[in-house]
Asks: 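I'd like to ask you about the structure that follows.
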Amino acid sequence: MISRRSRSPATTADVAWLQLYPDALLDQLTDPGADPAAIVDRRESVALAFIAALQLLPGTQRAVLILRDVLDWPSRDVADLLGTTVAG
């Protein structure tokens with residue numbers, strides 16, 4: 001599926017509205033005294049930024065990120081599935 005995808009890679013110009021998320025706001029995601037509605041809003045913003053960032057990655061890097069960090073697959077399994085090595 002990754003190799004069949006024939007779309008040119010996106011650039012940061014394609015998502016000009018996407019900017020760095022301030023660390024101070026990320027810290028508030030775990031603040032027990034924060035407003036629950038604000039926490040939900042920030043989490044949704046982080047999720048949207050994650051999805052937008054995924055679109056900028058080449059297919060293989062996108063697959064590795066999803067399999068490793070989202071689905072928590074072991075490195076060896078990801079490398080075997082993608083036909084590569086753990087280091088490369």
Asks: Heavy atoms, side chains only, cut-off 4.5 Å: are Thr60 and Leu82 in contact?
Replies: yes
Asks: Of all heavy-atom pairs between Arg62 and Gln55, which one has the smallest distance, and what is that distance?
Replies: NH2-O, 4.2 Å
Asks: Same cluster or not: are Leu71 and Val78 linked, directly or through other Ile, Leu, Val, Met, Phe, Trp or Tyr residues, by side-chain heavy atoms under 4.5 angstrom apart?
Replies: yes
Asks: Side-chain contact, heavy-atom cut-off 4.5 Å: Arg43 with Ile39?
Replies: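 Arg43 reaches Ile39 side chain to side chain.
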Asks: Heavy atoms, side chains only, cut-off 4.5 Å: are Asp80 and Trp73 in contact?
Replies: no
Asks: Using 0.5 Å steps for rounding, measure from the OG1 atom of Thr85 to the CZ atom of Arg76.
Replies: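 Result: 7.5 Å between the selected atoms.
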Asks: Quick one: closest heavy-atom pair of Ser75 and Val86, and the distance?
Replies: CB-CG1, 3.9 Å
Asks: Measure the CD1-CG distance between Ile66 and Leu57 for me, rounded to the nearest 0.5 Å.
Replies: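 Ile66 CD1 to Leu57 CG: 9.0 Å, rounded to 0.5 Å.
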Asks: About how many Å separate CG of Leu56 and CD of Gln61, when rounded to the nearest 0.5 Å?
Replies: 11.0 Å
Asks: Show, in sequence, the C-alpha distance, side-chain angles and deciding distance for Phe50 and Val70, and conclude whether the side chain to side chain contact (heavy atoms under 4.5 Å, CB included) test is met.
Replies: CA-CA 11 Å; Phe50 180 77; Val70 177; 3.9 Å; yes
Asks: Nearest 0.5 Å, please: how far is CG in Asp35 from CG in Asp41?
Replies: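 Reported to 0.5 Å precision, the distance equals 9.5 Å.
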